[in-house]
Amino acid sequence: MDYKYLSELLFPSVTKTAEDLEVEFPARNLKEGAIVSRMAPSPTGFVHLGNLVQGLTSERLSHQSGGVLFLRVEDTDRKREVKGAVETLIETLKHYGIQFDEGATMDGDNGIYAPYRQSQRASIYHVYAKKLVSEGQAYPCFCTEQELEEMHAAQEKECANFGYFGKWAKWRDRPIEEIEQMLGEGKPWVLRFRSTGSIENKIKFTDLIKGEVEVTENDIDHVLLKSDGIPTYHFAHAVDDHLMRTTHVVRGDEWLSTLPFHLQLFRALGFKPPKYCHIGPLMKMDGTSKRKLSKRKDPELALTYYKAEGFPVEAVYEYILTVLNSNFEDWRRANPNAHTDEFKFSYKKMNPAGSLFDAAKLRDVSKNVISKMTAEKVYELATEWAKEFDVDFYEKLTADMQRTLSIFAIGRGGNKPRKDYAVWSELKEYMGFFFDDYFKLCDQPDERFDRAVIAKIVREYADMYNPEDEQNVWFDTIKALGEKYNFASNMKEYKANPENYAGSVADVSGFLRLAVTGKNSSPDMYAVMSILGKEKVVERLNSYAAEIVK
RNA sequence: GGCCCCUUGGUCAAGCGGUCAAGACAUCGCCCUUUCACGGCGGUAACACGAGUUCGAUUCUCGUAGGGGUCACCA
């Protein structure tokens, strides 16, 4: 077989050579040890938490080493093309603050290894395709979809391994005349790799996360170019990561099974393969107690979900880091205010197994993150969120910025800041009572007390509330009022002999709280009342007193 | 089915041949406290199973089981 002739037949318009491309896309000039990594998602319409896990790993690895991180869009699947997906992708990654040094952007490309969209790189792939054909390492296959299905069925029947290999590889060794004839008839074809591997052979390979991995050689003649001339993931991966001079590939471990093929491909092309970090899958609890993999359709795994819920980006980051690097939490405790970039991230600390996504933990992390923010920061992020997801609430929040800020300031700062909410979408429930439109009685008063007494106390307090009072005076007033109705003002005494009292000042505070906020749980009452103002406080106290005895 | 990866409490996870097997989240109890929170202290709770190597295995090896992945002109 004259492979050279075949390659001209298949790729007549390709004139460039692999050598030309080496010159066009030269090696990077980086310091020793600098890692070049990338995020290479396919634009499916939404970004997955897994993408962020992978992206964050790449980002830390490259930037921490003084290297480069770039974004490459893997849009080689025309059938699954989703309109606007690339924009969504770039926007989402931007929201999550991943800083790319080069790669695909909204309006094009940034960087000398462009284009960074695979759909625009066909001519580059074809150079290598032609080269492989001319060397006898790849060949055209004219099998129809139906023929392939029949092959699969036959293999199933024979209990043979699946795939296009060995005797099943119909077009692997057809004479050139036949190929020319098919070509002449304009029949569609794909380019297949001529594998020389055997499943009898094992190869050892070191993954940066999994460690020593023993895999079986690939013997399948995988498709390199689809019939539309666009490469498959495998071929594009080898060509692009070589030309873009990627040193480290971070990806999910679902790729582990095709790794032998990738290694084979790099060798066939004369490329040095990158180092690989295969991350275990992120799983989720499914139903009862069974664990299941994170599927593309789990809405809570889509990044847009976290944005809509109102998780601060920083919280999602912190959570992912705690999952990725087990020592991150310890570090965070030791450095509560340091920027995450100061944490020494290491792939050595990464768990080779997959992990279950822990929503409760994320919430906890988020509460901590929010509790450390200033009121101004909370205002900024909460209003940003509300503007997009709850316009009415947004208007309330921004109507009087100073007032809103003072609400956010309650219990903030100091060593033990409050941790009331984990996401912005909970904010309305937490502080809604500050706005008349959202104020309503949510909770019931304690059953132990006579409602008439409660009403009496509440009404009486309405007459005594003086916003000018200092906090201790304010509280003394409440204590005195309670004592009048035999509610203990000294908690220790009350606890020692509860039977001597109708209740404690804690209960009295509870009555007032419920009247003013509509809830049994709220931030500091003194602050709440002073922000609401005398008029509003008195009004709510009185209407509550009336309401409760109806 | 073939091939591959994984397996410490409910969850995330330390642990690299000798530990009373960390810590965090969740949960429960107590304390602090004017409420609500925060916080503090403490409790329940784990090395999947079976062989082997070894004086000694959670740590090493091999099986078994379980979980997961992959076998496309998807990535």
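Every chain is numbered from 1 and lettered A, B, ... according to where its sequence line falls, protein lines coming before strand lines.
- With rounding to whole Å, A:Tyr465 atom OH is found 19 Å from B:U34 atom P.
- Rounded to whole angstrom, the span from the CD atom of A:Glu214 across to the P atom of B:C62 amounts to 10 Å.
- In this structure, the side chains of A:Tyr164 and A:Trp171 come closer than 4.5 Å at one or more pairs of heavy atoms.
- For A:Lys419 and B:C25, the NZ to P distance is 8 Å, given to the nearest whole Å.
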Exercise. Could you walk me through whether A:Glu426 and A:Lys367 pass salt bridge (charged side-chain N to carboxylate O under 4.0 Å, His left out), step by step?
Key: CA-CA 11 Å; A:Glu426 289 173 344; A:Lys367 277 188 176 180; over 6 Å; no
Quiz prompt | Test log, rule salt bridge (charged side-chain N to carboxylate O under 4.0 Å, His left out), inputs A:Asp77 and A:Lys79 | solution = CA-CA 5 Å; A:Asp77 187 6; A:Lys79 286 180 209 132; 5.5 Å; no
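- Across all strands, A:Asn520 comes closer than 4.0 Å only to sugar-phosphate atoms, never to a base (heavy-atom distances).
- Only the P atoms considered, B:A26 is 34 Å distant from B:G17, to the nearest whole Å.
- Within the 4.0 angstrom heavy-atom criterion, base atoms lie near A:Asp358.
- Taking the C1' atom of each, B:C62 and B:A22 are spaced 30 Å apart, rounded to whole Å.
- A close approach under 4.0 Å does not occur between any side-chain nitrogen or oxygen of A:Lys210 and OP1 or OP2 of B:C4.
- Judged by atom type and distance alone, A:Ser522 does not reach the base of B:C36 through any side-chain donor-acceptor pair under 3.5 Å.
- Comparing the P positions of B:G67 and B:G43 gives a spacing of 35 Å, expressed to the nearest Å.
- Protein atom CZ of A:Arg78 is 12 Å distant from nucleotide atom P of B:A75, rounded to whole Å.
- Using a 4.0 Å heavy-atom criterion, one finds that A:Thr216 contacts the sugar-phosphate atoms exclusively.
- A cation-pi arrangement is present between A:Lys428 and A:Tyr438 under the rule of less than 6.0 angstrom and at most 45 degrees off the ring axis.
- A:Ser509 comes within 4.0 angstrom of a nucleotide base, judged by non-hydrogen atoms across all strands.
- Here, B:U34 and B:C20 have their C1' atoms 43 Å apart, quoted to the whole Å.
- Using bins of under 30°, 30° to 60° and over 60° for the plane-to-plane angle, the ring pair A:Phe266/A:His237 lands in the perpendicular bin.
- In this structure, B:C38 is classed as syn because its glycosidic torsion stays within 90° of zero.
- The shortest distance between the side-chain N/O atoms of A:Asn351 and the OP1/OP2 oxygens of B:A13 is below 4.0 Å.
- Across all strands, A:Val223 comes closer than 4.0 Å only to sugar-phosphate atoms, never to a base (heavy-atom distances).
- When A:Tyr501, A:Phe511, A:Tyr485 are each tested for a ring pair (Phe, Tyr, Trp, His ring centres under 6.0 Å) with A:Phe449, only one passes: A:Phe511.
- Here A:Tyr421 and A:Tyr430 bring their ring centres to under 6.0 angstrom of each other.
- Across all strands shown, A:Thr76 has heavy atoms under 4.0 Å from sugar-phosphate atoms exclusively, and none from any base.
- Taking a cutoff of 4.0 Å between a charged side-chain nitrogen and a carboxylate oxygen, A:Glu217 and A:Lys202 do not qualify as a salt bridge.
- Using a 4.0 Å heavy-atom criterion, one finds that A:Cys141 contacts no nucleic acid atom at all.
- With distances taken from any side-chain atom of A:Arg333 to the nucleotides B:C74, B:G23, B:A14, the minimum falls on B:G23.
- Atom pair A:Tyr501:OH and B:U34:P shows a separation of 15 Å (rounding to whole Å applied).
- The side chain of A:Pro281 approaches B:G68 more closely than any other nucleotide in the set B:G68, B:A75, B:C25.
- A:Arg192 comes within contact range of the sugar-phosphate backbone alone, with a heavy-atom separation under 4.0 Å but no base atom that close.
- Across all strands, A:Lys79 comes closer than 4.0 Å only to sugar-phosphate atoms, never to a base (heavy-atom distances).
- Relative to the side chain of A:Ala506, the nucleotides B:U34, B:A75, B:C4 differ in distance, and B:U34 lies closest.
- Comparing atom distances between the A:Val215 side chain and each of B:C4, B:C25, B:A75 picks out B:C4 as nearest.
- Residue A:Gln471 is in base contact, counting any heavy-atom pair closer than 4.0 Å across all strands shown.
- Among B:C4, B:C36, B:A75, the nucleotide with an atom closest to any side-chain atom of A:Arg418 is B:C36.
- Along RNA chain B, the nucleotide nearest A:Met525 and the nucleotide nearest A:Ser42 are compared for position; the residue whose nucleotide lies closer to the 5' end is A:Met525.
- When each of A:Thr57, A:Asp253, A:Asp207 is checked for a side chain to side chain contact (heavy atoms under 4.5 Å, CB included) with A:Ile279, only A:Thr57 meets the rule.
- Counting atom types as modelled, A:Lys361 pairs no side-chain N or O with a base atom of B:A26 as donor and acceptor under 3.5 Å.
- To the nearest angstrom, P of B:G2 lies 24 Å from CZ of A:Phe261.
- Residue A:Glu74 is in sugar-phosphate contact alone, with no base atom involved, counting any heavy-atom pair closer than 4.0 Å across all strands shown.
- Set against B:A75, B:C4, B:A24, the side chain of A:Leu256 has B:C4 as its closest nucleotide.
- Under 3.5 Å, the side chain of A:Lys492 and the base of B:U33 form no donor-acceptor pair of N or O atoms.
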Quiz prompt | Full working for side-chain hydrogen bond (donor to acceptor under 3.5 Å, both in side chains) between A:Asn500 and A:Tyr494 | solution = CA-CA 8 Å; A:Asn500 294 346; A:Tyr494 174 68; over 6 Å; no
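- Straight-line distance between the P atoms of B:C16 and B:U11: roughly 23 Å, to the nearest whole Å.
- A heavy-atom distance below 4.5 Å is found between the side chains of A:Trp255 and A:His262.
- Relative to the side chain of A:Lys495, the nucleotides B:C32, B:A13, B:C4 differ in distance, and B:C32 lies closest.
- With distances taken from any side-chain atom of A:Asp77 to the nucleotides B:A13, B:C74, B:C5, the minimum falls on B:C74.
- A:Asp507 comes within 4.0 angstrom of no nucleic acid atom, judged by non-hydrogen atoms across all strands.
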Quiz item: According to the Watson-Crick and G-U wobble definition with distances under 3.5 Å, which dot-bracket string, read 5' to 3', encodes RNA chain B, using [ ] for crossing pairs and | for pairs with another strand?
Solution: ((((((((.[[[..)..(....]]].(((((.......)))))....[[[[[..)....]]]]])))))))....
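- Atom-to-atom, CD of A:Glu483 to P of B:U34 comes out at 14 Å; the value is rounded to the nearest Å.
- The residue among A:Ser257 and A:Leu148 whose nearest nucleotide of RNA chain B is located toward the 5' end is A:Ser257.
- Taking the side chain of A:Lys202 as heavy atoms from C-beta on, and the options B:C4, B:C38, B:G69, the nearest nucleotide is B:C4.
- Rounded to whole angstrom, the span from the CD atom of A:Glu212 across to the P atom of B:C5 amounts to 11 Å.
- Nearest to the side chain of A:Ser521, among B:C4, B:C36, B:U7, sits B:C36.
- Aromatic pair A:Phe343/A:Phe328: centroids less than 6.0 angstrom apart.
- Contact annotation: side chain of A:Arg363 to base of B:C25, donor-acceptor pair absent below 3.5 Å.
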